[in-house]
S.K.: 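This is the structure I want to talk about, given as structure tokens.
Numbering starts at 1 and runs along the sequence shown.
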Amino acid sequence: MKIGILGGGQLGRMLIQEALKYDDDFYTLDPNADCSCANISYFTQGNFNNKQNVIDFGKDKDVVSIEIEHVSVAGLEALENQGVKVIPNSKIIKIIQQKILQKQFYEEFQIPSPNFQIILSREEEIVIGFPFVQKLNTGGYDGKGVQVIKDESDLINLWDEPSVLENLVDIDKELSLIIAKNERGEIKSFPVTEMVADPKLNLLDFNISPTQISEDIQNQIDDIAEKFMKAANSEGLFAIELFLDKNGKVWVNETAPRLHNSGHQSQEGNANSQFEQFYRVLKNLPLADTSSFGFSGMLNLVGEENFTGKVIYEGLEEVLKLPNTYVHLYGKGDTKPGRKMGHINVLSSSREELLEQLVAIKSMVKVISE
């Protein structure tokens, strides 16, 4: 099959790396000629936000998908009208790529999500209570386009753009569920993952899978997943990001219609990875076994502050000496502060031991530049 991917970043790279054991041709479209997928796929330099670029790229493919949701939905709709298979379909991508539509979607289908208000400009009356989170309608990712407004004095910082204002949840845990559906209607999810704060830096740096939650919380998550997949009505692989509050209630934060950072530990921690699963979705193959091998975790390798230029991974050789530790780099030649450059997966027999290993590795390796 000729499989086209809009976006040439690390998610596409790891999908292709996993799928190279099969017999398919992968094509990628990205504006950056040095993107992570450029040298491992049939690469086209172009704008995945441009309708005509998307049509020209996808018209001769057997299936077209995404590894970033900020793409031209109009282009995907045109491809669907030409008979090209688009996974996930353009309708659900359009809903998810706009925070306003996404929140209205949860409300319509009774999927629990924090109380919200929609504003189109900062001139509108704010009726939601403090504190709240402002999420820009489009373009946000990795914490960008999101800010907390604590009280009335903070309103001076309110962005003057269409946004969702959302009540702040008193968070006990941040969780994520990776779930897939193929064209046959088969649905399968991975064990729930927990995002854990680095106790030294107080940053959400680690994924731990599986999380330790009660049967009631698992049942709430299962109910959310069932409602979401029925409402989305699309093949694909989705990451449902969740908040567990201090009262034991689960809320949907947001959903990604693609491979996700919270599923990276599945590469070594599960019988099959999220990348294997997504490949099977694109091919409409039987979905893969997702069972876990004990505890697995992931930490991101991100560019250090004050370092910009040709990347150096300081301390990586020491990390490579460790048992049950797996390094994944993203093929990015240049680093800059906060840029995701790779990740490290770790396997362990207990949650406590796993966290100790992740914290130790975090202090061992730094992403700097020449």
S.K.: Side chains of D151 and S153 only: does a donor on one sit below 3.5 Å from an acceptor on the other?
M.R.: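 Yes, a side-chain donor-acceptor pair sits under 3.5 Å.
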S.K.: Could you walk me through whether F238 and K181 satisfy the side-chain contact (heavy atoms from CB on, under 4.5 Å) test, starting with their C-alpha distance in whole Å, then the side-chain angles of each, then the deciding distance to 0.1 Å, before giving a yes or no?
M.R.: CA-CA 9 Å; F238 302 89; K181 178 183 178 182; 5.6 Å; no
S.K.: Check K85 with E183, please: is the shortest side-chain N to carboxylate O separation under 4.0 Å?
M.R.: yes
S.K.: Could you tell me whether Y279 and F275 have their ring centroids closer than 6.0 angstrom?
M.R.: no
S.K.: Assess the residue pair E268 and F293 against the criterion (side-chain contact (heavy atoms from CB on, under 4.5 Å)); give the C-alpha distance rounded to whole Å, side-chain angles, the decisive distance to 0.1 Å, and a yes or no.
M.R.: CA-CA 8 Å; E268 286 83 25; F293 303 135; over 6 Å; no
S.K.: Let me confirm one number: the CG-CD distance from L158 to E123, rounded to the nearest 0.5 Å.
M.R.: 10.0 Å
S.K.: Determine, stepwise, if the pair K362 / F206 fulfils side-chain contact (heavy atoms from CB on, under 4.5 Å).
M.R.: CA-CA 10 Å; K362 179 78 178 171; F206 306 145; 4.2 Å; yes
S.K.: Whether the side chain of N182 engages the backbone of L285 through a donor-acceptor N/O pair (distance < 3.5 Å, no angle test) should be reported.
M.R.: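 Judged by distance alone, yes, a pair lies under 3.5 Å.
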S.K.: Can you classify the ring geometry of F105 versus F228 as parallel (below 30°), tilted (30 to 60°) or perpendicular (above 60°)?
M.R.: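 Perpendicular.
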S.K.: For the residue pair Q218 and D222, confirm or rule out a side-chain donor-acceptor distance under 3.5 Å.
M.R.: yes
S.K.: Taking all heavy atoms of L259 and all of L11, pick out the closest pair and write down the distance.
M.R.: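 For L259 and L11, the tightest heavy-atom pair comes out as O-CD1, 3.4 Å.
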S.K.: Any link between Y313 and I368 through a network of hydrophobic side chains (Ile, Leu, Val, Met, Phe, Trp, Tyr) touching at under 4.5 Å?
M.R.: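 Looking at the clustering, I368 is in a separate group from Y313.
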S.K.: Check R122 against L155 and note the closest heavy-atom contact, atom names and distance.
M.R.: NH2-O, 3.4 Å
S.K.: Is it true that, when you exclude K2 itself, more than 12 heavy atoms of the residues, nucleotides or ligands shown sit nearer than 6.0 Å to its NZ?
M.R.: yes
S.K.: If you round to the nearest 0.5 Å, how far is NZ of K332 from CZ of R339?
M.R.: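 Here the interatomic distance stands at 4.5 Å.
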S.K.: Working to the nearest 0.5 Å, report the span between CZ of F57 and CG of D30.
M.R.: 10.0 Å
S.K.: For the CG atom on D23, are there more than 12 heavy atoms of other groups (residues, nucleotides or ligands in this structure) within a distance under 6.0 Å?
M.R.: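 Atom CG in D23 is not packed in, count stays at 12 or less.
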S.K.: Give a yes or no on whether Y42 atom OH has more than 12 heavy-atom contacts from other residues, nucleotides or ligands under 6.0 Å away.
M.R.: no
S.K.: Considering residues, nucleotides and ligands other than K227, do more than 12 of their heavy atoms fall under 6.0 Å from its NZ?
M.R.: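 Check passes, neighbour count above 12.
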S.K.: If every non-hydrogen atom of P31 is compared with every non-hydrogen atom of Q45, which pair is closest and at what distance?
M.R.: O-NE2, 2.9 Å
S.K.: With no hydrogens and no angle check, is any side-chain donor or acceptor of Q265 less than 3.5 Å from a backbone partner on S262?
M.R.: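 The answer is yes, because a donor-acceptor pair under 3.5 Å joins these two groups.
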S.K.: Hey, are the side chains of M364 and L322 touching, using non-hydrogen atoms and a 4.5 Å cut-off?
M.R.: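 Yes, their side chains come closer than 4.5 Å.
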S.K.: Is there a donor-acceptor contact under 3.5 Å from the side chain of N219 to the main chain of E215?
M.R.: yes
S.K.: State, yes or no, whether a side-chain contact exists between L242 and V252 at a heavy-atom distance under 4.5 Å.
M.R.: yes
S.K.: Please say yes or no: joined through hydrophobic side-chain contacts below 4.5 Å, possibly via intermediate residues, are V133 and F130 part of one cluster?
M.R.: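 No.
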S.K.: With side-chain contact (heavy atoms from CB on, under 4.5 Å) as the test, would you mind laying out the steps for M341 and V311 before giving the verdict?
M.R.: CA-CA 9 Å; M341 301 296 292; V311 66; 3.9 Å; yes
S.K.: Any sub-3.5 Å donor-acceptor pair from R13's side-chain atoms to A38's backbone N or O?
M.R.: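 Checking the backbone N and O of A38 against the side chain of R13, no donor-acceptor pair under 3.5 Å is found.
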S.K.: Quick one: do V302 and V327 end up in the same hydrophobic cluster if we chain Ile, Leu, Val, Met, Phe, Trp and Tyr together by side-chain heavy atoms under 4.5 Å apart?
M.R.: no
S.K.: Would a distance-only check, ignoring hydrogens and angles, find a side-chain to backbone donor-acceptor pair under 3.5 Å from N167 to I128?
M.R.: no
S.K.: Can you measure from CD (Q212) to CD1 (I217) and round to the nearest 0.5 angstrom?
M.R.: 11.5 Å
S.K.: Ignoring hydrogens and angles, tell me if any N or O in the side chain of E186 forms a donor-acceptor pair with the backbone of L287 under 3.5 Å.
M.R.: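 At least one qualifying donor-acceptor pair exists.
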S.K.: Taking all atoms of both residues into account, what is the closest heavy-atom pair of A231 and F109, and its distance?
M.R.: CB-CG, 3.5 Å
S.K.: Indicate the atoms forming the closest heavy-atom contact of P323 with Q357, along with that distance.
M.R.: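 Closest approach of P323 to Q357: O-NE2, 4.5 Å.
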S.K.: Give a yes or no on whether K283 atom NZ has more than 12 heavy-atom contacts from other residues, nucleotides or ligands under 6.0 Å away.
M.R.: yes
S.K.: Counting only heavy atoms not in Q82 (residues, nucleotides, ligands), do more than 12 fall under 6.0 Å from its CD?
M.R.: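 Check passes, neighbour count above 12.
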S.K.: Are there over 12 heavy-atom neighbours, none belonging to E353, within less than 6.0 Å of that residue's CD?
M.R.: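 Enclosed: over 12 neighbouring heavy atoms sit under 6.0 Å from CD of E353.
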S.K.: In Å and rounded to the nearest 0.5 Å, what is the CD1 to CD distance from I95 to E108?
M.R.: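 With rounding to 0.5 Å, CD1 (I95) is 8.0 Å from CD (E108).
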S.K.: Any chance the side chains of K135 and N253 put a donor and an acceptor closer than 3.5 Å?
M.R.: yes
S.K.: If you group Ile, Leu, Val, Met, Phe, Trp and Tyr by side-chain heavy-atom gaps below 4.5 Å, do Y27 and L79 land in one group?
M.R.: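 Linked within one cluster.
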S.K.: Are the side chains of F132 and P114 in contact, using a 4.5 Å heavy-atom criterion?
M.R.: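 Not touching, per the 4.5 Å side-chain cut-off.
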S.K.: Using the rule side-chain hydrogen bond (donor to acceptor under 3.5 Å, both in side chains), only one of Q117, K103, Q134, K99 pairs with E166; which is it?
M.R.: K103
S.K.: So, does Q274 use its side chain to make a donor-acceptor pair with the main chain of A239 at under 3.5 Å?
M.R.: no
S.K.: Is the shortest side-chain heavy-atom distance between L329 and L301 below 4.5 Å?
M.R.: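 L329 reaches L301 side chain to side chain.
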S.K.: Is S65 close to P88 at the side-chain level, that is, under 4.5 Å between some pair of heavy atoms?
M.R.: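 The answer is yes, as the side chains (C-beta and beyond) meet within the 4.5 Å cut-off.
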S.K.: One thing to verify: whether E276 and K21 come together as a salt bridge, which I'm taking to mean a side-chain N less than 4.0 angstrom from a carboxylate O.
M.R.: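 A salt bridge links K21 with E276.
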S.K.: Main chain of I92, side chain of N89: is a donor-acceptor contact present, judged purely on distance under 3.5 Å?
M.R.: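 Yes, the answer is positive, given that a donor and an acceptor are paired below the 3.5 Å cut-off.
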S.K.: Would you tell me whether Q277 and T290 have side-chain atoms, one donor and one acceptor, within less than 3.5 Å of each other?
M.R.: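 No, T290 and Q277 have no side-chain donor paired with an acceptor closer than 3.5 Å.
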S.K.: Heavy-atom distance under 4.5 Å between the side chains of K249 and Q220, does that happen here?
M.R.: yes
S.K.: Quick check: does any side chain N or O of T211 sit under 3.5 Å from a backbone N or O of S209, one acting as donor and the other as acceptor?
M.R.: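 No, the answer is negative, given that no donor and acceptor are paired below the 3.5 Å cut-off.
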S.K.: Tell me, do R280 and K188 make a side-chain contact under 4.5 Å, heavy atoms counted?
M.R.: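 Result no, sub-4.5 Å side-chain heavy-atom pair not found.
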S.K.: So does Y330 get a backbone contact from the side chain of S36, meaning a donor-acceptor N/O pair under 3.5 Å?
M.R.: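 Yes, because the side chain of S36 sits within donor-acceptor range (under 3.5 Å) of the backbone of Y330.
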S.K.: What is the minimum heavy-atom distance between M1 and D24, and which atoms define it?
M.R.: N-OD1, 3.0 Å
S.K.: Contact between F48 and I66 at the side-chain level, heavy atoms closer than 4.5 Å - yes or no?
M.R.: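 Not touching, per the 4.5 Å side-chain cut-off.
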